[in-house]
Chemist: 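Sharing a structure here in structure tokens format.
What you see below is based on every heavy atom in this structure, not just the backbone, and it leaves out hydrogens, waters and symmetry mates. Note that ligands are numbered from 1 as they come in the structure, with each ligand's atoms numbered from 1 the same way.
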Amino acid sequence: MARIIAGVASSHVPAIGAAIDNKQTEEPYWKRVFSGFERSKEWMREVKPDVAIVVYNDHASTFSVEIVPTFALGCAPEFPPADEGWGPRPVPVVQGHPELASHIAQSVILDEFDLTICNKMEVDHGLTVPMNLLFGSPQEWPCPVIPLAVNVVLYPPPTGHRCFMLGRAIRKAIESYPDDLRVVVFGTGGMSHQISGPRAGLINSKFDKAFLDNLTKDPARLTRIPHLEYMREAGAEGIEMVMWLIMRGALDDKVDEVYRFYTVPASNTAVGHIILENRRRAVAKRAPPSKAKRASPSKGKSNTQRAKTKQAAASQRQDRLRSGRPQGD
Ligand code: DHB
Ligand code: FE
């Protein structure tokens, strides 16, 4: 069966994409930001997911104010980068996973979450910037991606609780998919920021850090934050953080925080990033041995041994990440 192995959250500041495209990543201002993702890229190379589900928001690129779906799932075979005013970003076309996406759509809709199905869609900085931060700038993205676009642009966005419950429904969908796929879920956007109006430039590090702490330890608390509190404490665009709760809802109740990075500012925004892993034992316990594995005991290792080896590899990876825990503040 398919299973979710980890969740990643990352800001999507468009200026980060521009810094990559204009080769400014070595400039001190940007180096501070990019250095926080070096270990994450290593982690991603090691984890090597088979599929990523990227929860993000479209900024009136593929949609417009004429059509504003609350939750839109990308079921297409590919998703080209959108033209956001300066031509499409020079990043690879995102390859989809229509089979798994359709399975998720069916499972989640029958669980009473009314997703919009997108069989054609372009993706903007909301998706491509987090992809660069976690995968670097390869010729081709290393795995297929299922985009899930969430409306956080036009009132009313979904509540944090609704987002969390959708994450749960996505986890159920994935765990009922027969192929052995290892899935990573991205929650993107945030953290505190306000782009326009008298409070433009607002950043609230105290709110952001408490959000990161609770994301790991007490996500139920975050699901009770009302929109007005996000607006007041984290700025108008801080509402993007509800998307992180879809990622968190897709993970187990108890997770290991293996990495965190926070720095201010990048453009007008606080940059936040966290990696949460499902605990290996829980994952191994839920996964029944597949037929192929049961039929070949002579291969040497039992499933329990294999799970133990994976568990050991995961703890080593976590220790490595933690021992070099940087930066930011
Ligand atoms: C900025 C941040 C965003 O999240 C966004 O979508 C657009 C602009 C900014 O900081 O300028
Ligand atoms: Fe944004």
Side-chain angles (χ1 to χ4, degrees), residues 8-22 24-25 27 29-30 32-34 36-37 54-65 68-72 74 79 81-89 91 94 121-134 147-158 160 163 186-205 207-208 211-212 227 230-231 233-247 261-274 328:
V8 173
S10 155
S11 303
H12 67 210
V13 190
I16 293 179
I20 297 170
D21 301 345
N22 297 323
Q24 292 164 336
T25 54
E27 291 178 8
Y29 181 91
W30 288 114
R32 170 178 52 87
V33 175
F34 288 104
F37 290 84
V54 180
V55 181
Y56 80 108
N57 72 291
D58 178 76
H59 300 74
S61 303
T62 212
F63 305 120
S64 69
V65 287
V68 186
T70 302
F71 298 117
F79 308 95
D83 183 347
E84 299 179 57
W86 296 269
R89 289 197 58 213
V91 291
V94 172
M121 142 191 214
E122 294 180 348
V123 288
D124 70 10
H125 69 269
L127 183 135
T128 58
V129 166
M131 293 274 289
N132 281 134
L133 288 173
L134 273 299
L148 172 61
V150 180
N151 167 42
V152 287
V153 169
L154 204 67
Y155 188 83
C163 288
F186 282 51
T188 65
M191 296 195 88
S192 57
H193 65 303
Q194 173 139 346
I195 298 171
S196 58
R199 297 206 308 161
L202 175 144
I203 283 176
N204 182 347
S205 300
F207 179 91
D208 291 338
F211 193 92
L212 289 166
H227 287 144
Y230 282 105
M231 297 276 285
E233 300 296 326
E237 280 74 27
I239 193 65
E240 288 178 350
M241 277 187 265
V242 295
M243 294 187 287
W244 293 29
L245 295 178
I246 298 182
M247 173 277 278
F261 174 65
Y262 184 82
T263 188
V264 290
S267 178
N268 269 333
T269 307
V271 169
H273 167 48
I274 199 165

Chemist: Taking only heavy atoms of H59, which atoms of ligand 1 are found under 4.0 Å from at least one of them?
Modeler: 6 (O)
Chemist: So which of V271, T269, T188, V129 gets nearest to atom 10 (O) of ligand 1, if we judge by its closest heavy atom?
Modeler: T269
Chemist: Do you know which N/O/S atom name in E240 is closest to the Fe ion (ligand 2)?
Modeler: OE2
Chemist: Numbering the atoms of ligand 1 from 1, which are under 4.0 Å from a heavy atom of H125?
Modeler: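 Near H125, the atoms of ligand 1 are 5 (C), 6 (O).
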Chemist: Under 3.5 Å, is there a donor-acceptor pair between the N204 and S192 side chains?
Modeler: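 Checked: N204/S192 side chains show no N/O donor-acceptor pair below 3.5 Å.
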Chemist: Answer side chain, backbone, both or neither: which part of E237 comes under 4.0 Å from ligand 1, heavy atoms only.
Modeler: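 For E237, no heavy atom sits under 4.0 Å from ligand 1.
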Chemist: Any atoms of ligand 1 less than 4.0 Å from a non-hydrogen atom of P14? List them with their elements.
Modeler: 1 (C), 2 (C), 3 (C), 5 (C), 7 (C), 8 (C)
Chemist: Establish, yes or no, whether the cationic atom of R32 lies under 6.0 Å from the six-membered ring centre of Y29 and within 45° of the ring axis.
Modeler: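 Pair R32/Y29 counts as cation-pi.
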Chemist: My understanding is that only residues two or more places apart in sequence, or in another chain, count here; which of them pass side chain to side chain donor-acceptor pair (under 3.5 Å) with N268?
Modeler: none
Chemist: Closer than 2.8 Å to the Fe ion (ligand 2): does that hold for any N, O or S atom in E237?
Modeler: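 E237 does not place any N, O or S atom closer than 2.8 Å to the Fe ion (ligand 2).
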Chemist: Do the side chain of Q194 and the main chain of E237 share a donor and acceptor less than 3.5 angstrom apart?
Modeler: no
Chemist: So, N151 side chain and V68 main chain: donor-acceptor pair closer than 3.5 Å or not?
Modeler: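 No, because the side chain of N151 does not come within donor-acceptor range (under 3.5 Å) of the backbone of V68.
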Chemist: Relative to the heavy atoms of N268, which atoms of ligand 1 are at a distance of less than 4.0 Å?
Modeler: 10 (O)
Chemist: Would you say H59 has an N, O or S atom lying under 2.8 Å from the Fe ion (ligand 2)?
Modeler: yes
Chemist: Which donor-acceptor pairs under 3.5 Å do the side chains of residues 195-203 make with protein atoms, sequence neighbours left out?
Modeler:
residue, atom, partner, partner atom, Å
R199, NH1, R232, O, 3.1
R199, NH2, M231, O, 2.5

Chemist: Would you say the side chain of H273 lies within less than 4.5 Å of the side chain of V8, judging by non-hydrogen atoms?
Modeler: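 Contact flag for V8/H273 side chains = yes.
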Chemist: Please find the N/O/S atom of H12 nearest to the Fe ion (ligand 2) and write down its name.
Modeler: NE2
Chemist: Can you report which non-hydrogen protein atom sits closest to atom 9 (C) of ligand 1, along with the distance?
Modeler: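 Here the nearest protein heavy atom works out to S267 OG, 3.3 Å.
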Chemist: Aromatic ring centroids of F186 and Y56 under 6.0 Å?
Modeler: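 Not under 6.0 Å, so no.
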Chemist: Only heavy atoms of H193, strictly under 4.0 Å: list the atoms of ligand 1 that pass.
Modeler: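 Listed by number with element, the hits are 2 (C), 3 (C), 4 (O).
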